[in-house]
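Beneath this line is the structure, given in structure tokens, with notes to follow.
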Amino acid sequence: MKETVVSGIRPTGKLHLGNYFGAVTNFVKMQYDYNCYFFIADLHSLTTHPVPGDLHGYVRHVLVEYLACGINPEEATIYIQSDVPEVSELYLYLNMNAYLGELERSASFKEKIRANPDNVNAGLLTYPTLMAADILIHKATKVPVGKDQEQHLEMTRNFGNRFNRMYNTDLFPESFAFSYSENLVKVPGLEGKGKMSKSDGDGNCIYLSDSPEIIRKKVSRAVSDSGPTEENQAKPEAIQNLFDLMKIVSTPDTVEHFDGLYNKMQIRYGDMKKQLAEDMIIFNSPIRERIEELSKDDLYLRQVAKHGALKARESAQKTIKEVRNLIGFKSF
């Protein structure tokens, strides 16, 4: 039997090139080798109190972009978290055996309450138990997460093992961080430092749905400098970022051409940015066109969401039936 992989994404906005190369391309590969559950984490997003209309739109957008990027609903299970009520039920049971001290030690909880001291809600505190429910409901053993989520994964193992000990069972297997690719592509932003991230503003990101005009405008404004002052000098971070972006979307010959110009102090950043923008447009176009096409097909999107919910619930209901029996909930 194939090992089970679970991964979710919060519906907080559009996907960008960093999301695509950092996660989605791996999902597309994983779906053929593993039993994959990819969900849209709308319950998690409630900690920030989204406007109802916005929430539905964001969920829809992530669903469209998952499909446009090549996730196949016949190969992987794509579902919306709130369509699987068993997740919320398991979340409740796990909360009964999660302790205040361990939840308060979560690094993400500490960070969130520092950033938003007026919104310290119970959902933020119990985020790790909801994440654990997402994983344990399908008895997943592999979870694609970044370094910032590894503590939550450790807590998931703790919650699962605690349940197993309390009820003398081996129901929940341990799950571990998983990367399908040994050489993860790190996509820099356009602001001259760090990775591509929505938190630094739209100008830092190239979204998969960006039009050619928007891409040209964003790339033209990317941070650069006045140029090298000596031959073969080391590139400062902002310039290296431009070259790293070019390595992702351009041909090796193109990268080599501009690298040679830089080393000979003949580089014109305006020309380089124009080339980079056009190569990004060529790369993005098939995905953007697919996004536009899928966005018009409400019937297909409903079918995918319904099909995904049925598949996810089939797995979740089996787990919840076992959990309820172990706890001692029995019908009269």
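Looking at Asn158, its side chain never comes within 3.5 Å of a backbone N or O of Ala98 through a donor-acceptor pair. Between the side chain of Asn204 and the backbone N or O of Leu190 there is at least one donor-acceptor pair closer than 3.5 Å. Without hydrogens or angle criteria, Asn26 side chain to Ala23 main chain gives no donor-acceptor distance under 3.5 Å. In terms of modelled atom types and a separation under 3.5 Å, the side chain of Lys218 and the main chain of Cys205 share a donor-acceptor contact. Within the 3.5 Å criterion, the main-chain N or O of Tyr20 finds a donor-acceptor partner in the side chain of Thr25. Using modelled atom types, one side-chain atom of Asp225 and one backbone atom of Gly227 make a donor-acceptor pair closer than 3.5 Å. The main-chain N or O of Val249 is never found under 3.5 Å from a side-chain atom of Asp279 such that the two would form a donor-acceptor pair. When atom types are taken as modelled, the side chain of Glu65 and the backbone of Leu15 share a donor-acceptor pair closer than 3.5 angstrom. Distance alone, capped at 3.5 Å, places no donor-acceptor pair between the Glu191 side chain and the Asp200 backbone. Side chain of Lys139 to main chain of Ser315: no donor-acceptor pair is present (N/O by atom type, distance under 3.5 Å, no hydrogens or angles).
By the 30° and 60° cut-offs, the orientation of the rings of Tyr79 relative to His138 is perpendicular.
Nearest approach of Gly194 to Asn241, heavy atoms of both residues: O-ND2, 4.1 Å. When all heavy atoms are compared, the tightest approach of Phe163 to Leu171 is CE2-CD2, 4.1 Å. Scanning both residues, Ser175 and Leu153, for their nearest heavy atoms gives OG-CD1, 3.7 Å. Here the closest non-hydrogen pair linking Gly189 and Leu245 is O-CD1, 4.3 Å. In terms of heavy-atom proximity, Ile40 sits nearest to Tyr66 at CG1-CE1, 4.5 Å. Of all heavy-atom pairs between Ala309 and Asp83, the closest is CB-CB, 3.8 Å.
Looking at Asn161, Thr141, Asn164, Thr156 one by one, the single match for side chain to side chain donor-acceptor pair (under 3.5 Å) with Glu174 turns out to be Asn161.
Defined by atom type and a distance below 3.5 Å, a donor-acceptor pair is present between the side-chain atoms of Lys330 and Asn325. With 3.5 Å as the limit, one finds no donor-acceptor pair spanning the side chains of Gln31 and Asn72. Defined by atom type and a distance below 3.5 Å, a donor-acceptor pair is present between the side-chain atoms of Asp202 and Tyr207.
Ion pairing of Lys311 with Glu314 is absent here, as no side-chain N (NZ or NE/NH1/NH2) approaches a carboxylate O to less than 4.0 Å. Ion pair Glu278/Arg216 flagged as a salt bridge, since at least one NZ, NE, NH1 or NH2 atom sits closer than 4.0 Å to an Asp/Glu carboxylate oxygen. Using a cutoff of 4.0 Å between basic side-chain nitrogens and carboxylate oxygens, Arg288 and Glu292 are scored as salt-bridged. In this structure, Asp298 pairs ionically with Arg60, as a charged nitrogen and a carboxylate oxygen lie closer than 4.0 Å. For the pair Asp210 and Lys217, the salt-bridge criterion is not met [side-chain N within less than 4.0 Å of a carboxylate O].
A 4.5 Å side-chain heavy-atom check between Val120 and Phe109 finds at least one atom pair inside the cut-off. With contacts defined as side-chain heavy-atom distances shorter than 4.5 Å, the pair Ser7/Phe178 does not qualify. At a threshold of 4.5 Å between non-hydrogen side-chain atoms, the residues Ser209 and His61 count as touching. Here the side chains of Met30 and Lys142 are not in contact, with every heavy-atom distance at 4.5 Å or above. In this structure, Phe172 and Val323 have side chains that are in contact, with non-hydrogen atoms separated by less than 4.5 Å. Two residues are said to be in side-chain contact when any heavy atoms from C-beta on lie closer than 4.5 Å; Thr47 and Arg10 meet this criterion. Using a 4.5 Å heavy-atom threshold, the side chains of Val6 and Ile137 count as separate. Between Leu136 and Thr319, every side-chain heavy-atom pair lies at or beyond the 4.5 Å cut-off.
Residues Ile282 and Phe258 fall into different hydrophobic clusters, defined by Ile, Leu, Val, Met, Phe, Trp and Tyr side chains chained together at heavy-atom separations under 4.5 Å. In the hydrophobic clustering of ILVMFWY residues, with side-chain heavy atoms under 4.5 Å counting as a link, Tyr91 and Leu100 come out together. Leu90 and Leu130 fall within a single hydrophobic cluster, where Ile, Leu, Val, Met, Phe, Trp and Tyr are joined by side-chain heavy atoms under 4.5 Å apart, directly or via other members. Under the 4.5 Å side-chain contact rule for hydrophobic residues, Phe38 and Val304 share a cluster. Cluster annotation: Phe159 and Met166 are assigned to the same hydrophobic cluster (Ile/Leu/Val/Met/Phe/Trp/Tyr, side-chain heavy-atom contacts under 4.5 Å, transitive).
Here the CE-OG1 distance, from Met272 to Thr254, works out to 10.5 Å after rounding to the nearest 0.5 Å. Taking CD1 of Ile215 as the start and CZ of Phe283 as the end, the distance is 10.5 Å to the nearest 0.5 Å. For the atom pair Glu289 CD and Leu294 CG, the distance stands at 12.0 Å (nearest 0.5 Å). To the nearest 0.5 Å, atoms OG (Ser45) and CG (Leu55) are separated by 4.5 Å. Between the CZ atom in Arg162 and the CG atom in Asn97 there is a gap of 7.0 Å [rounded to 0.5 Å]. Residue His44 holds its NE2 atom at 5.0 Å from CZ of Phe39, rounded to the nearest 0.5 Å.
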Under the side chain to side chain contact (heavy atoms under 4.5 Å, CB included) criterion, do Ser106 and His152 qualify, and how do the steps go?
CA-CA 8 Å; Ser106 165; His152 287 158; 3.4 Å; yes
Stepwise side chain to side chain contact (heavy atoms under 4.5 Å, CB included) check, Ile78 with Leu67
CA-CA 9 Å; Ile78 309 173; Leu67 296 169; 3.8 Å; yes
Please walk me through it: do Leu17 and Asn284 pass side chain to side chain contact (heavy atoms under 4.5 Å, CB included)?
CA-CA 9 Å; Leu17 286 179; Asn284 241 25; 3.8 Å; yes
Worked verdict on Arg157 versus Glu154 for salt bridge (Lys or Arg N to Asp or Glu O under 4.0 Å)
CA-CA 5 Å; Arg157 290 192 293 272; Glu154 181 183 357; 5.2 Å; no
Could you go step by step and tell me if Val28 and Ile71 meet the side chain to side chain contact (heavy atoms under 4.5 Å, CB included) rule?
CA-CA 5 Å; Val28 173; Ile71 297 179; 4.1 Å; yes
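No more than 12 heavy atoms of other residues, nucleotides or ligands sit less than 6.0 Å from atom CD of Glu256.
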